[in-house]
Amino acid sequence: DNDGRVIISDDPNVETFDPFPDLALNPELLEDFSTQGQNGSIIYTDAAGDEVMAGFADMDEFGVNQALDWSIIAVAPLADITAPIQKFKHVLLIFTVVISLLAVFFMFLSSNRISRSVQSLVKGAKEVGTGNLDFRIESGRNDEFSYLANTFNDTAHKLAAARIET
């Protein structure tokens with residue numbers, strides 16, 4: 001009730017109409033719990049020394065004798081309330097790490113492919129520069145580097161044909 005006595009509890013250590021045990025350590029809680037029409041939640045250390053969260057709602061009184069001057073208070077260990085959030089944080093962290101590793105892996109594959117294509121074009125340019133006009137760059141893919149390789153091969157073919165004509 002709004003005087004701090006327990007009306008109903010599932011705690012076997014608290015008898016009906018005994019004072020709410022947490023009020024002995026935190027008497028200011030009664031003001032939060034019993035302010036007319038007040039509702040909300042609060043985190044505090046309970047009588048057992050555990051960090052808990054209490055959700056509360058003060059009930060309106062009614063009638064000439066202002067009946068039901070009491071509050072509904074649900075108290076649970078904060079660890080129990082935050083456990084799903086902590087689990088979600090761990091799952092999210094693992095998911096983020098896995099996605100990051102996959103991104104790094106695919107970036108490595110992509111950069112490796114680009115690097116090999118550029119090296120192939122550089123090798124072809126060096127070969128033609130030394131006079132080997134018969135050198136051709138293999139181009140098995142359908143991308144920008146294949147287009148460059150095909151253009152390079154056509155140019156090398158035309159240079160070789162021009163050398164034969166002269």
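- The salt bridge (Lys or Arg N to Asp or Glu O under 4.0 Å) check on D11 picks up nothing, with sequence neighbours excluded.
- Between the side chain of D22 and the backbone N or O of A47, at least one donor-acceptor pair lies under 3.5 Å.
- A donor atom on one side chain and an acceptor atom on the other are not found under 3.5 Å apart for D154 and T151.
- Annotation: side chain to side chain donor-acceptor pair (under 3.5 Å) contacts of R116 (sequence neighbours excluded): none.
- Not a single donor-acceptor pair under 3.5 Å links the side chain of N153 to the backbone N or O of N150.
- Not counting sequence neighbours, T155 has no partner by the side chain to side chain donor-acceptor pair (under 3.5 Å) test.
- For the pair S115 (side chain) and S111 (backbone), a donor-acceptor distance under 3.5 Å is absent.
- Counting only distance, with no hydrogens or angles, the side chain of S110 and the backbone of F106 share no donor-acceptor pair below 3.5 Å.
- The side chain to side chain donor-acceptor pair (under 3.5 Å) check on D46 picks up nothing, with sequence neighbours excluded.
- Under the ring pair (Phe, Tyr, Trp, His ring centres under 6.0 Å) criterion, F56 pairs with F33, not counting sequence neighbours.
- A donor-acceptor pair under 3.5 Å is absent between the side-chain atoms of N112 and the main chain of F108, judged by distance alone.
- Taking a 4.5 Å side-chain heavy-atom cut-off between Ile, Leu, Val, Met, Phe, Trp and Tyr, the cluster of I81 extends to I43, M53, L78.
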